[in-house]
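Comments concern the structure below.
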Amino acid sequence: VPPATNHQNRLLDLANIGPQEVNLSLLQNHINDFLEDRNTIGPESNFADNTFETKPLDFERASILVIEGTYIPLLSNLDFLIFINLDYKSSLDNRINRGRESFDPFVEKVLDIEHHIITEYKTKADIIVDVNYKIQALIMPIEHSRYFSVNIGHTRSLTKKLNLDYGLGYVVFQLVGPGNFNVYHENTVRDESTLIESKPYKKNDVVKTCQGLEPRISMALKLNESQSIKIGYNQIQQFIHLLSNTMAISPADIWKKSNQQLPQQIVDQYTIGYVKDWNKGMYESSIEAYCKNNKNVIDYVDGAELYLNPLIETQLLVGKGNAYGAEFFFKKVRGVNLTGWISYTYAKSFRQVNATPNQESANFGLRYPSNFISPNNFKFVLNDRLTNRISFNANFTYATGRPITYPNGRYKIYVYNEVYDYLNDNNLNPRPGFIIQSYGRNGQTYYFLNNSKVDELLDGYSTPSFSLRNSERIPDYIRLDLGITLDPKPNSKSNSSWNFPIYNVLGRQNVYSIYFKSSTGLRNQARTYKLSILRAVIPSLTYNFKFQ
Amino acid sequence: MKEKLKIDDNYYSLANRLLDELQNRLSKNKLIIGISGESGSGKSTTGFCLTKLLENSSKKVVYLQMGDYFKLCLLQQIIKIDY
């Protein structure tokens, strides 16, 4: 349809705004035609007289196809995507110059909806162009640093049964140039508006120095031939921080070095363990418990954008954490046919991010579970030689799902006066006090928003509310793998074997991550997506042989 | 898409920088470049300038605009039929 007609369609229903109003499949067909050197006929609209024509698309001789449009990132086979990062508020002058649309509040509403739809496309871009027509860095700049450490240690036997190991380390970390490093106003929350400058540093100029001591001590007490106890304490300074929002290590993870805004992480760890051998070393068992206190752990603001963000410090929060847990382990070390081990780990880990002059709090300053903590972890490995030639093995894993923050509700935003009118029109009595325009609290007077102020906000829209941070969990991880191995006959000259393993016998669609996406871009319509990797039963067959 | 574009020099210098970034890909037999952004962000103008520069460097380019591919949504199609 030509442009003005499309505008009329949008006026009929806001739900029409989005990728669904574009014939993306036809556009995709034309991309395929281009790739296959097939000439075709394409549509062409005329803005001036709101007409619609056709034009030949000479793909056969073309080597480059340039496509522009808001929803282009949804198409396949794009080699290179340029994203112009100018939102509709900043582009007002452009639009006035172009004079394509009529300027009314409805158009601004349309653009607001589009804005929310396409913000997520930014992550697909190969190049981002900023408001000053400058190309933002495609790759986050390489950060250079120096690391020095000195260590002394000593091991001595206090008695025949008691060994002591202790030492002290001193580490220095320096973040150095070349590069530009962001400087923010002191005693203000870090965001775009409090950025003073991206200060350039020359090669080897020191941007930030962090240093600290790393003491350690451990003691092992041999109770008798089969039992021993060990206890230990150490402190570690960490100057590189992993920024990630998935459970598995992925190429999109970011490693960020300590800088002016991110101090080094300091971990104090206390451990105690008990080991016992049974039946002359046939069985081995152990219990180990630990407790950790973390200073300066890194976490993220709500809805953080980490990927290719030149102001990444504005997305990060510094807090404290603590963790504790115990591991129970039992192993059958030797045996005629049956060997294997079983382990159970109970672990807890928490974080707390309080508000400081440079950052807002996370989760209202309340303690919350760490992003990756899985409290119950059970593993079981078994190898059983059924006959001289056939052996069977099994591998079972159970882990509690990791914590996650879910949207749990939705607020509809109304204009105060409209609600008041509605109550009056429907003969509903406003609550006592509802008629007031203002109220006082702690000596301050607060005013209800009037129509025009709310119009500036989100009138007519709803907004999601979320559970407390990491208060929910993704489904538990359960996986069983089985395998059978066929070895050669004892007297055979061949040195080969067959292996038949089956991965994920239970066929569980274990979830690695859950995320929510607006299906149409409208903020009141979100869908839940589960990310599973290798979600099927996967049998395989392996033939092994050795050269003599 | 037939419309009058007012092009200021910023767009040609942007297109030049984009061309630099694309240099090592231009030898590809069939290259597809997408330009996305919000309404009024300068997609059409950037696409136009980039196409012109590519053509000036003896490339045969086809330029498509999503604005030509708007369709009636299903709901509107039904309403139209009812009318």
Side-chain angles (χ1 to χ4, degrees), chain A residues 1 3 6 9 12-13 16 20-24 26-27 30-31 34-35 42-48 57-59 61-73 75 77-88 91 94-95 97-98 100 111 114-115 118 121 125 127 129 133 135, chain B residues 1-6 8-15 17-18 20-22 25-48 50-51 54-55 57-77 79-80:
Chain A
V1 294
N6 187 55
N9 288 339
L12 280 172
D13 190 349
N16 290 327
Q20 67 276 15
E21 64 185 336
V22 182
N23 195 344
L24 287 172
L26 179 62
L27 198 45
H30 288 166
I31 287 177
F34 165 76
L35 289 171
E44 182 167 48
S45 57
N46 190 327
F47 267 94
L57 299 175
D58 184 7
F59 286 142
R61 291 183 300 132
S63 61
I64 298 176
L65 177 63
V66 177
I67 316 172
E68 68 87 2
T70 305
Y71 306 118
I72 291 303
L75 296 167
N77 298 327
L78 296 181
D79 294 303
F80 199 80
L81 179 64
I82 299 159
F83 187 92
I84 303 181
N85 197 16
L86 190 69
D87 69 24
Y88 69 102
S91 70
N94 281 6
R95 290 184 281 126
N97 277 335
R98 185 176 61 177
R100 191 194 283 179
L111 296 175
E114 278 187 359
H115 170 75
I118 75 163
Y121 299 167
I127 275 187
V129 176
Y133 309 100
I135 294 172
Chain B
M1 203 153 65
K2 286 180 182 168
E3 65 170 332
K4 285 183 181 172
L5 290 174
K6 295 170 186 170
D8 75 44
D9 291 343
N10 282 324
Y11 283 101
Y12 272 113
S13 49
L14 169 63
R17 288 194 295 275
L18 291 172
D20 288 342
E21 297 289 344
L22 287 163
R25 296 167 188 257
L26 294 180
S27 55
K28 198 177 173 202
N29 189 28
K30 288 278 184 181
L31 177 69
I32 304 175
I33 303 165
I35 303 172
S36 177
E38 297 187 18
S39 286
S41 60
K43 301 182 296 292
S44 310
T45 321
T46 308
F48 176 82
L50 185 62
T51 302
L54 286 165
E55 284 172 346
S57 55
S58 309
K59 296 285 180 189
K60 175 76 177 81
V61 188
V62 175
Y63 180 37
L64 296 182
Q65 293 180 275
M66 195 196 78
D68 290 328
Y69 288 78
F70 280 112
K71 64 176 181 182
L72 283 178
C73 292
L74 186 60
L75 180 65
Q76 266 60 60
Q77 289 176 28
I79 290 169
K80 204 171 180 186

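In the text below, chain A, chain B and the rest are named by the order of the sequence lines, each starting its count at 1.
Here the straight-line distance linking atom CG of B/Leu54 with atom CD1 of A/Ile64 works out to 4.5 Å at 0.5 Å rounding. The line from CD1 of A/Ile67 to NZ of B/Lys43 is 13.5 Å long, rounded to the nearest 0.5 Å. Once rounded to the nearest 0.5 Å, the distance linking CG of A/Leu35 with NZ of B/Lys30 reads 7.0 Å. Rounding to the nearest 0.5 Å gives a distance of 5.0 Å between CG of B/Leu22 and CZ of A/Phe80.
Taking 4.5 Å as the limit, every side-chain heavy atom of B/Ile32 sits out of range of all side-chain heavy atoms of A/Leu75. Looking at heavy atoms from C-beta onward, B/Ser36 lies in side-chain contact with A/Leu81 at the 4.5 angstrom threshold. Looking at B/Lys60 and A/Asp58, their side chains come closer than 4.5 Å, going by heavy atoms from C-beta outward. Between A/Pro43 and B/Tyr69 there is a side-chain heavy-atom pair separated by less than 4.5 Å. Contact of the B/Ile35 side chain with the A/Ile84 side chain is registered, since non-hydrogen atoms from C-beta on lie closer than 4.5 Å. Using a 4.5 Å cut-off on side-chain heavy atoms (C-beta onward), A/Leu57 and B/Leu64 make contact.
Contact record, A/Glu68 with B/Ser44: OE2-OG, 3.2 Å, taken as the closest heavy-atom pair. Closest heavy-atom contact between B/Arg17 and A/Ile135: CB-CD1, 3.7 Å.
Both the backbone and the side chain of B/Leu18 have a heavy atom closer than 4.5 Å to some heavy atom of chain A. Looking at B/Ser13, neither its backbone nor its side chain comes within 4.5 Å of chain A, counting heavy atoms on both sides.
The closest donor-acceptor contact from the side chain of A/Asp79 to the backbone of B/Ile33 lies at 3.5 Å or more, if one exists at all.
The local environment of CG in B/Asn29 is sparse, with at most 12 non-hydrogen atoms from other residues, nucleotides or ligands closer than 6.0 Å.
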